[in-house]
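Scope of the values below: all heavy atoms of this structure, side chains included, with no hydrogens, waters or symmetry mates.
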There are 2 protein chains.
Amino acid sequence: MITVAIVEDDGDIRESLALLINGTPGFSCINAYGDCETALDGIVEDPPDVVLMDVGLPGMSGIEGIRLLKERLDEINLLVLTVHDESKLVFDALCAGACGYLLKDTPPAKLLEAIRETYEGGAPMSTQIARMVVGSFRINPHTALTQRETEVLEQLCKGKSYKMIADTLFISEETVRRHIKHIYRKLQVGSKSEAVAKALKEKLVFAL
Amino acid sequence: MITVAIVEDDGDIRESLALLINGTPGFSCINAYGDCETALDGIVEDPPDVVLMDVGLPGMSGIEGIRLLKERLDEINLLVLTVHDESKLVFDALCAGACGYLLKDTPPAKLLEAIRETYEGGAPMSTQIARMVVGSFRINPHTALTQRETEVLEQLCKGKSYKMIADTLFISEETVRRHIKHIYRKLQVGSKSEAVAKALKEKLVFAL
DNA sequence: ATTGCAATGACCCATTTGGGGGATACAAGA
DNA sequence: TCTTGTATCCCCCAAATGGGTCATTGCAAT
């Protein structure tokens with residue numbers, strides 16, 4: 001028996017979800033909350049296997065709710081269920097600790113499957129969300145930087161100083177300076193940390 | 001009809017996969033390659049809807065193969081199918097441009113479903129891979145940093161200078177220096193770029 | 001009440017960094 | 001052939017940064 005708690009401000013939706021879950025063998029909705037504040041206490045008090053949470057809530061933002069909940073109950077499995085598919089919201093939810101993200105057009109059978117998958121250690125996402133998430137890893141292949149400049153930028157992204165980069169790449173510190181000047185011009189930045197920020201934001205280098 | 005190409009060095013597995021795909025209505029395996037080199041030319045010449053690729057290949061690394069293929073055919077849908085579940089390999093594959101990652105214990109029905117999902121714009125992953133991927137977004141909540149220090153670190157991660165941070169947070173540049181000194185002590189680093197690198201690697205801050 | 005921590009601000013000084021020159025060598029093209 | 005681009009190195013100098021010490025305020029816990 002997989003126990004579920006619902007956090008959803010719309011009473012109708014909350015009702016239907018509870019009915020769906022309770023009407024399915026092997027699933028049980030043990031609680032349903034209308035806002036984050038009461039949900040937080042209730043869930044900590046009586047933790048379900050899986051939390052199903054809307055993120056478009058009134059009052060406390062759903063994202064903040066996720067963060068606080070995971071802070072108190074690190075192990076809790078939390079699945080976002082929402083109509084919102086803006087990338088900022090998706091990534092904020094995952095950063096806050098959600099372990100899955102479903103859109104509200106998910107058919108009931110898929111929803112139940114996702115709850116089970118979450119319970120079993122998976123991370124279900126609606127297809128378009130999954131594509132966004134996976135796409136966020138993609139390295140930007142269209143770089144104006146040369147091979148060597150990219151190597152230097154990678155070193156910068158590891159936090160190395162001019163001297164350390166010079167030692168690593170077996171070139172003089174002066175040459176490192178020169179490469180970095182070129183990098184700054186091409187990326188339109190003016191400092192190491194700005195270059196690192198841009199490189200990581202635009203995925204110009206591998207790893208970190 | 002969804003067309004598929006296979007890149008897999010083991011002849012037996014290659015055979016079975018081709019048989020499975022060709023034996024299923026709606027799917028057609030139009031090519032099967034034993035190594036990356038020939039696969040690259042063949043796939044560019046005659047692109048399938050979905051490429052199914054092993055990453056434990058002899059010769060050219062599968063990761064490099066993905067990178068080169070995506071460089072020439074940016075739109076291609078590439079699904080990794082492998083026994084390897086080490087996180088480095090998973091993230092390298094996604095960074096290189098794979099749009100899904102399946103382990104070889106995936107049952108045939110799931111595999112076909114994943115191919116279809118890929119074709120339809122999804123990003124299928126085995127459950128444990130999905131959890132790794134989603135988990136990689138999680139912010140590290142156990143920070144030794146104070147609230148204010150975290151705010152300063154966030155600014156650093158945006159590439160701001162002392163002066164800009166001071167203006168943003170409405171404090172003097174000297175106070176920024178002070179906070180940064182504390183950050184350096186706690187993170188055991190000695191420069192902005194090193195702090196940024198560590199903050200991002202260990203997910204100490206939101207976003208970028 | 002006292003202690004401790006967070007946040008604020010200041011001064012000094014050595015090192016690193018950023019931006020401006022110039023120069024050589026080598027390889028790929030126009 | 002001459003130009004262009006990449007990679008290498010050197011000098012100068014001003015600004016930014018990193019590290020040290022010191023001090024005040026307010027708040028929370030002891």
Here the distance between atom C1' of C/dG9 and atom CG of B/Leu169, to the nearest Å, is 15 Å
Do the side chain of A/Arg178 and the base of C/dG21 come within less than 3.5 angstrom through a donor-acceptor pair of N or O atoms? yes
Should B/Lys181 be listed as having a side-chain N or O under 4.0 Å from OP1 or OP2 of D/dG19? no
Given C/dG9, is OP1 or OP2 found less than 4.0 Å from the side-chain N or O atoms of B/Ser172? yes
Taken to the nearest whole Å, CD1/B/Ile165 to P/C/dT8 is 13 Å
Using the closest heavy atom to pick a nucleotide of DNA chain C for each, name whichever of B/Ser191 or B/Thr175 lands nearer the 5' end. B/Thr175
In whole angstrom, give the distance that lies between atom CG of B/Leu156 and atom C1' of D/dA16. 13 Å
Mind calculating the distance between CD1 (A/Ile171) and P (D/dT8) to the nearest angstrom? 5 Å
Check whether any side-chain heavy atom of B/Met164 lies under 4.5 Å from a side-chain heavy atom of B/Lys158, and answer yes or no. no
Side-chain N or O of A/Tyr162 less than 4.0 angstrom from OP1 or OP2 on C/dG18? yes
Let me know the distance between CE of B/Met164 and C1' of D/dA16, rounded to the nearest Å. 13 Å
Look at A/His179 and D/dT8 and indicate whether a side-chain polar atom (N or O) is within less than 4.0 Å of OP1 or OP2. yes
Minimum-distance nucleotide to A/Gln147 side chain [options: D/dG18, D/dA7, C/dG22]: D/dA7
Pair A/Arg72 + A/Asp41, salt bridge at N-O below 4.0 Å: yes
Among D/dT6, C/dG9, D/dG18, which nucleotide sits nearest the side chain of B/Arg177? D/dG18
B/Ser126 side chain to B/Leu103 backbone, donor-acceptor under 3.5 Å: yes
I want to check one thing: is the phosphate of D/dA16, taken as OP1 and OP2, less than 4.0 Å away from some side-chain N or O of B/Ser161? no
Rounded to the nearest angstrom, tell me the gap between atom NZ in A/Lys186 and atom C1' in C/dG18. 18 Å
In whole angstrom, give the distance that lies between atom CD1 of A/Ile180 and atom C1' of D/dT8. 15 Å
Could you tell me how far apart A/His182 (NE2) and D/dA7 (P) are, to the nearest whole angstrom? 10 Å
B/Tyr184 side chain near D/dG19 phosphate (N/O to OP1/OP2, under 4.0 Å): no
How would you label the contact of B/Lys163 with the nucleic acid (heavy atoms, under 4.0 Å): base, sugar-phosphate, or nothing? nothing
Selection from C/dG19, C/dA7, C/dG18 that lies nearest to any side-chain heavy atom of B/Thr146: C/dA7
Residue whose closest nucleotide on DNA chain D lies nearer the 5' end, B/Arg185 versus A/Glu174: A/Glu174
Single hit among A/Lys181, A/Arg185, A/Arg178, A/Lys186 for salt bridge (charged side-chain N to carboxylate O under 4.0 Å, His left out) with A/Glu149: A/Lys186
Closest heavy-atom pair and its distance - A/Ala123, B/Val134: CB-CG2, 3.7 Å
SB check A/Glu113 A/Arg116 (cutoff 4.0 Å): no
With the side chain of B/Arg148 defined as its heavy atoms from C-beta on, choose the nearest nucleotide among D/dT8, C/dA7, D/dT6. C/dA7
